[in-house]
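Read the structure below first, then the notes.
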Amino acid sequence: MQDFYTLRKDVETISERVEEIRGGAGLKLLEKNLAELEEASGDSSLWDDRVKAQQTLQALTDVKEKIKLLNDFKAQVEDAETIVNLTEEMDSIDTSLLEEAAGIIKELRKALDRFELTQLLSGPYDKEGAVISITAGAGGTDAQDWADMLLRMYVRWGEKQKFKTKVVEKSMGEEAGIKSATIEVEGRYAYGYLSGEKGTHRIVRQSPFNAKGLRQTSFSGVEVMPLLPEEAVVDIPEEDLEYSFSRAGGKGGQNVNKVESAVRITHIPTGVTVRCTEQRSQLANKIKGLSRLKAKLLVIAEEQRASEIKQIKGDIVKAEWGQQIRNYVFHPYKLVKDVRTGYETSDIASVMDGELDPFIKGYLKYKYSTSMSTVEEQS
């Protein structure tokens, strides 16, 4: 257990950090925005424009949540300060009170870290949930096993964030692992956090599928899209879409492997393709697949700063040598290193168990500083 003097110092430090964050967040301006949005939301003509009405209500919710969060930070640090002050006045130290204060500080520190991360997110879809697609690349059975390891890593990350995480599609490998999988992660800012995971992930290890235990390098590709509502407004001409249907594989009831319910949709101008198999009917898979295609095209358009869908070039993650964003070395030493940010750790077991926050934070800071440098060069 922490001693009293260390705890008091921690409380003082976190109190200063809370004040700094509250000051930097512009609380007075937020309260002014809240009043304006509440007035706008009460306007009788609000729903004359449905899209604008939804944007107004979403903005109102966002501002309310931010103000509540900032006030919660202050309340929690005041609770910890009260315990410290009480302890100073007591003749003997109450260990249960100190443990309570230490618990408050621990959780508050995590909450402040999350809040600071969200301030680095400004993309149009950063607040949405996420769809992660994992595909085994070069490396045969080892690559398929590696894809399965990545699948578990992202599921564990989602669980630790207390997000609703669901594997909606999985294509099994011939000997081991998976050929591909799709995960839906429902949670505030899930896409913003995970967008930097897009790219090729490379593993170096002693192959468990090689009798001689030789060192093997394998690759898997990860794509990340926002989890958008099915009614998302994206204008894609029907003639630009090509549909193909097949029988779905795996468990799922009597229709599976009997009816052509799996749907593959290709955006002809760009070659961007999505496949959806998890729904029981062809129509449901078509609707779900179209939603994912829209999300994929929107993200690519945003990345390429294209004003219209027809201007984008398509974007495929190549799971092969020279394309990796992160290396995972299991042998001859243990190291996970992000190629873009330079962040690394030797605690590979924790990373594979979903401890991705240091990598996510490092990438978001790197992305923010890069965008700021670009703005300065242009000005």
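For the numbers below, each heavy atom of this structure counts, side chains included, while hydrogens, waters and symmetry mates do not. Nothing here was measured: the structure is a model prediction, and the numbers come from that model.
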* Asked: Quick one: do R152 and D148 make a salt bridge, cutoff under 4.0 Å?
  -> no
* For D357, enumerate each residue passing the side-chain contact (heavy atoms from CB on, under 4.5 Å) test, keeping only those at least two apart in sequence or located in another chain. => W157, Q161, I360
* Without hydrogens or angle criteria, can the side chains of D3 and T6 be said to hold a donor-acceptor pair below 3.5 Å? -> yes
* Test side-chain contact (heavy atoms from CB on, under 4.5 Å) applied to I268 - qualifying residues, sequence neighbours left out -> E242
* To do: Determine, step by step, whether L241 and H267 satisfy the side chain to side chain contact (heavy atoms under 4.5 Å, CB included) criterion, reporting the C-alpha distance in whole Å, the side-chain angles of both residues, the deciding distance to 0.1 Å, and the verdict.
  => CA-CA 5 Å; L241 299 175; H267 183 242; 4.3 Å; yes
* Structure fact -> Tracing side-chain contacts under 4.5 Å among Ile, Leu, Val, Met, Phe, Trp and Tyr outward from W47 reaches L46, L57
* Structure fact -> For residues 14-39, the ring-ring contact (aromatic ring centres under 6.0 Å, His included) pairs (sequence neighbours left out) are none
* To do: First locate atom NZ of K9, then atom CZ of F4, and finally report the distance between them rounded to the nearest 0.5 Å.
  => 13.5 Å
* Asked: Can you tell me how far the CG atom of D72 sits from the CD1 atom of I67, to the nearest 0.5 Å?
  -> 12.0 Å
* Judged by atom type as modelled, is there a donor-acceptor pair below 3.5 Å linking the side chain of S369 to the main-chain atoms of K367? -> no
* Asked: Got Y5 and D10 here, is their nearest side-chain heavy-atom distance under 4.5 Å?
  -> no
* Structure fact -> For L335, the other hydrophobic cluster members (4.5 Å side-chain criterion, sorted by chain and number) are V204, V329, Y333
* Could you go through the side chain to side chain contact (heavy atoms under 4.5 Å, CB included) check for M149 and M153 one step at a time? => CA-CA 6 Å; M149 291 166 69; M153 181 180 79; over 6 Å; no
* **Residue of the set Y366, Y343, Y328 for which ring pair (Phe, Tyr, Trp, His ring centres under 6.0 Å) holds with F359** => Y343
* **Same cluster (ILVMFWY, side-chain, under 4.5 Å), I83 and V11** => no
* Asked: With a cutoff of under 4.5 Å between side-chain heavy atoms, which Ile, Leu, Val, Met, Phe, Trp and Tyr residues group with V339?
  -> none
* Taking atom CZ of R17 as the centre, report whether more than 12 heavy atoms of other residues, nucleotides or ligands fall under 6.0 Å from it. => yes
* Asked: Is the backbone of D48 close enough, under 3.5 Å, to the side chain of S45 for a donor and an acceptor to pair up by distance?
  -> no
* To do: Would you tell me whether Q279 and S261 have side-chain atoms, one donor and one acceptor, within less than 3.5 Å of each other?
  => no
* Rounded distance [0.5 Å steps], NZ in K337 versus CD in E344 -> 5.0 Å
* Asked: Would you find a donor on one side and an acceptor on the other, under 3.5 Å apart, between the side chain of K160 and the backbone of D353?
  -> yes
* Asked: Should V224 and L298 be regarded as members of a common hydrophobic cluster, given that ILVMFWY residues are connected when their side-chain heavy atoms come within less than 4.5 Å of each other, either directly or indirectly?
  -> yes
* To do: Report the C-alpha distance between K68 and E65 in whole Å, list the side-chain angles of each, state the deciding distance to 0.1 Å, and finish with yes or no for salt bridge (charged side-chain N to carboxylate O under 4.0 Å, His left out).
  => CA-CA 5 Å; K68 182 181 181 300; E65 284 181 1; over 6 Å; no
* **Pair R326 + E197, salt bridge at N-O below 4.0 Å** => yes
* Between K66 and Q119, do the side chains contain an N or O donor and an N or O acceptor separated by less than 3.5 Å? -> yes
* Asked: Can you list every pair that meets side-chain hydrogen bond (donor to acceptor under 3.5 Å, both in side chains) and has a residue in residues 31-42, with sequence neighbours left out?
  -> none
* Of the non-hydrogen atoms in G187 and F163, which two are nearest, and what is the gap between them? -> CA-CD2, 3.6 Å
* Asked: What is the distance from atom SG of C276 to atom CD of E169, rounded to the nearest 0.5 Å?
  -> 6.5 Å
* To do: Examine L7 and L97 and state if one hydrophobic cluster contains both, with Ile, Leu, Val, Met, Phe, Trp and Tyr joined whenever side-chain heavy atoms are less than 4.5 Å apart.
  => no
* Just how far is it from atom CG of L121 to atom OG of S195, taken to the nearest 0.5 Å? -> 7.0 Å
* **Charged N-O contact under 4.0 Å between E174 and K179** => yes
* To do: Using a 4.5 Å cut-off on heavy atoms from C-beta on, say whether the side chain of V168 contacts that of I183.
  => no
* **Sequence neighbours excluded - ring-ring contact (aromatic ring centres under 6.0 Å, His included) pairs with any residue from residues 67-107** => F73-F115
* Asked: Which class fits the ring pair Y189 and Y193: parallel under 30°, tilted 30 to 60°, perpendicular over 60°?
  -> tilted
* Hydrophobic side-chain clustering at under 4.5 Å (ILVMFWY, transitive links): who's grouped with L227? Put none if nobody. => V131, M225
* Just by modelled atom types, is the G177 backbone N or O under 3.5 Å from a matching donor or acceptor in the D145 side chain? -> no
* Asked: Under 3.5 Å, is there a donor-acceptor pair linking the side chains of D347 and S350?
  -> yes
* **Exam field: side chain D126 to backbone G123, donor-acceptor pair closer than 3.5 Å** => yes
* More than 12 heavy atoms of other residues, nucleotides or ligands under 6.0 Å from CZ of F209: is that the case? -> yes
* Asked: Is the CD atom of E20 crowded by more than 12 outside heavy atoms at less than 6.0 Å?
  -> no
* All side-chain contact (heavy atoms from CB on, under 4.5 Å) counterparts of I325, not counting sequence neighbours -> H201, R340
* Asked: Are any of the side-chain nitrogens in E184 or K288 under 4.0 Å away from the carboxylate oxygens of its partner?
  -> yes
* Determine, for K74 against E19, whether the closest basic-nitrogen to carboxylate-oxygen distance falls under 4.0 angstrom. => no
* To do: Quick one: list whatever passes ring pair (Phe, Tyr, Trp, His ring centres under 6.0 Å) with Y125, sequence neighbours left out.
  => none
* To do: Following the transitive rule for hydrophobic clusters with a side-chain heavy-atom cut-off under 4.5 Å over Ile, Leu, Val, Met, Phe, Trp and Tyr, establish whether V222 and V351 coincide in one cluster.
  => yes
* Asked: Which residues satisfy the side-chain contact (heavy atoms from CB on, under 4.5 Å) test with E175, sequence neighbours excluded?
  -> T141
* Structure fact -> d(L27 CG, I21 CD1) to nearest 0.5 Å is 12.5 Å
* Asked: Is there a side-chain contact between F219 and Q324, using heavy atoms and a 4.5 Å cut-off?
  -> yes
* Taking a hydrophobic cluster as the set of Ile, Leu, Val, Met, Phe, Trp and Tyr residues connected by side-chain heavy atoms closer than 4.5 Å, whether directly or through intermediates, do M90 and L98 fall within one such cluster? -> no
* Could you tell me whether the side chains of N71 and R22 share a donor-acceptor contact shorter than 3.5 Å? => yes
